[in-house]
Amino acid sequence: MLKKIEQIKNDFYKALETACGTQADLSKLKADFIGKKGAVADILKNMKEASAENIREIGQHVNRLKSEIEAVIDSKIREAETALINEKLKKERIDISLRDSLTDRGLCDAGYHPVTLIQREVEDVFTSMGFEILDGPHIEDDYHNFVALNIPEHHPARDMQDTFWFSDLQHLLRTHTSPIQVRGMETHRPPFKFVGPGKVFRNEATDASHEMVFHQIEGMMVDRNVTVSHLIYFMKTLLSEIFGRTVEVRLRPGFFPFVEPGFELDIKCLICGGKGCPVCKQQGWVELLPCGMVHPNVLKCSGIDTEKYNGFAFGLGLDRLVMMRYGIDDIRHLHGGDLRFIRQFKAY
Ligand code: PHE
C-alpha cells in the first residue's frame, strides 16, 4: 500500500512536468489525482485490504500526499493566472508617447474652449467658498424644467423661454440650468450650497447676443436666515475674482417665477467703463446675472420646511462672461466653429 502511495506521488510529478500548464490542464490534473474519482480516492477505497495497524499509517501518508498535491497544483494555478493577467496588460498597454507624433502632424493641436476655461474658474471660486458642484441632464422633463420651479402648465412664464420640445410633449431640451436646483434639492437636505454648470437650449433666432445653445452656471444656497446681502456678497466675490478687480454691480427688480424677490444683477461695462458702447448697448451697464431669493413654493415642492429655511439662487450666463472678459462683441463667434477664433485662447 505504501509503495502504491509512493508510486502515485511519482506519477503526479511526472504528469506535472508534461502538463502544458494552462489552468484547465492543471485543474484536470488535480481531479485525476485528488478528485472524487482520482488515484488517491482509489487507495482509500482499497483500505479494507489493509490490516488494522496499517490503516493509521496509510491514512497519514494519504493525507500528506493529498495536501502536497493540492498545494503544488494551487500554486501552479496562481502562477498561470498571473501570467495570463500580465499578458493581457501587455496587450492593453497604451503608448503615451503617441501624442507627440500626432502633434507633429498637427492633429492634436488642441486647447480648451474659452467657455470651458471660464467655467472651471467659476467652479474653483465657488468650491473655495464651500459650494458643491452638481450636474444634470440636457434632456429634461416638464416637471424639473418648469413645474417644480413654480411654472405650472399654461403659466404665461413658459413663453419667456422658447422651448425645444420632444414629440411626446413631456420631454424637452432644458431651457435653463434651474432644473439642477430641483435635482439638488431632491438629493440634499439643508443647509447646502451648490453650483451646477452646463449647456442650455432655446428655440429662438440668433443675433449678436443670442444663441440657441449657450451655457449657464446655476447656484443655490439654502440655510437658516439667508438674506439678499449673502447673495450680493457671493456674487461680488465671484465677479471680482473672475475679472481680477473690484467690479461695480447694481440690482434691478427682475421677474422669474421661482424667485421672490427676483433681481437682475448688472455690472458696469468693462469694455467702455460705463461711457456706453455697442456691447452695453450704450447703457454703460451690462445685464449679467439673474438671481433672487428662492420662492417658498419651490422649496415646499421639494419638501423643504420654509418655516426654518430659505435661500438664494442665481443663473449666470457663462458665454456673456467670456464676452465681457475678452471684449467679444458677438456671441456667435464662440460656437461658430472658426478655429482661427478659438485658437486665440490656447495660451490662457
Ligand atoms: N433660470 C433663469 C433663466 O435662465 C435664471 C435664473 C436662475 C433666475 C436663478 C433667477 C434665479 O432665465
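Just so you know, residue 1 is the first one in the sequence shown, and it goes up from there. Read the numbers this way: they start at 1 and go in the same order the structure lists the ligands and their atoms. Note that the structure is a prediction, hence the values are computed from the model and not measured. Note that these values count all heavy atoms, side chains included, but never hydrogens, waters or copies made by symmetry.
When only non-hydrogen protein atoms are considered, atom 5 (C) of ligand 1 lies nearest to Pro290 CG, 3.6 Å. Of all protein heavy atoms, the one closest to atom 12 (O) of ligand 1 is Gln161 NE2, 3.4 Å.
Ranked by closest heavy atom to atom 10 (C) of ligand 1, the top entry among Phe258, Phe312, Phe263, Phe255 is Phe258. The residue from Glu264, Met220, Gln216 that puts a heavy atom closest to atom 4 (O) of ligand 1 is Gln216.
Remark: the Asn150 side chain and the His155 side chain contain no N/O donor-acceptor pair separated by less than 3.5 Å. Between the side chains of Glu218 and Ser178, at least one donor N or O lies within less than 3.5 Å of an accepting N or O. If you check the side chains of His144 and Asp141, you find a donor sitting under 3.5 Å from an acceptor.
Note: no N/O pair closer than 3.5 Å links Thr175 and ligand 1 by distance alone. Considering backbone and side-chain N/O of Glu218, none are found under 3.5 Å from N/O of ligand 1.
Checked by atom type and distance alone, the side chain of Asn63 never pairs as donor or acceptor with a backbone atom of Lys66 at under 3.5 Å.
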Could you tabulate the donor-acceptor pairs under 3.5 Å formed by side-chain atoms of residues 231-242, not counting sequence neighbours?
residue, atom, partner, partner atom, Å
Thr237, OG1, Tyr233, O, 2.7
Ser240, OG, Lys236, O, 2.8

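Numbered from 1 in the order shown, with element, the atoms of ligand 1 that lie under 4.0 Å from a heavy atom of Arg202 read 3 (C), 4 (O), 12 (O).
Note on ring orientation: taking the six-membered ring where Trp is involved, the planes of Phe194 and His188 are tilted (angle from 30° to 60°).
Not a single heavy atom of Gly262 sits under 4.0 Å from any atom of ligand 1.
Stacking of Arg224 on the aromatic ring of Tyr309 is recorded, both the 6.0 Å distance cut-off and the 45° axial limit being met.
Under 4.0 angstrom from ligand 1, there are no non-hydrogen atoms of Arg174.
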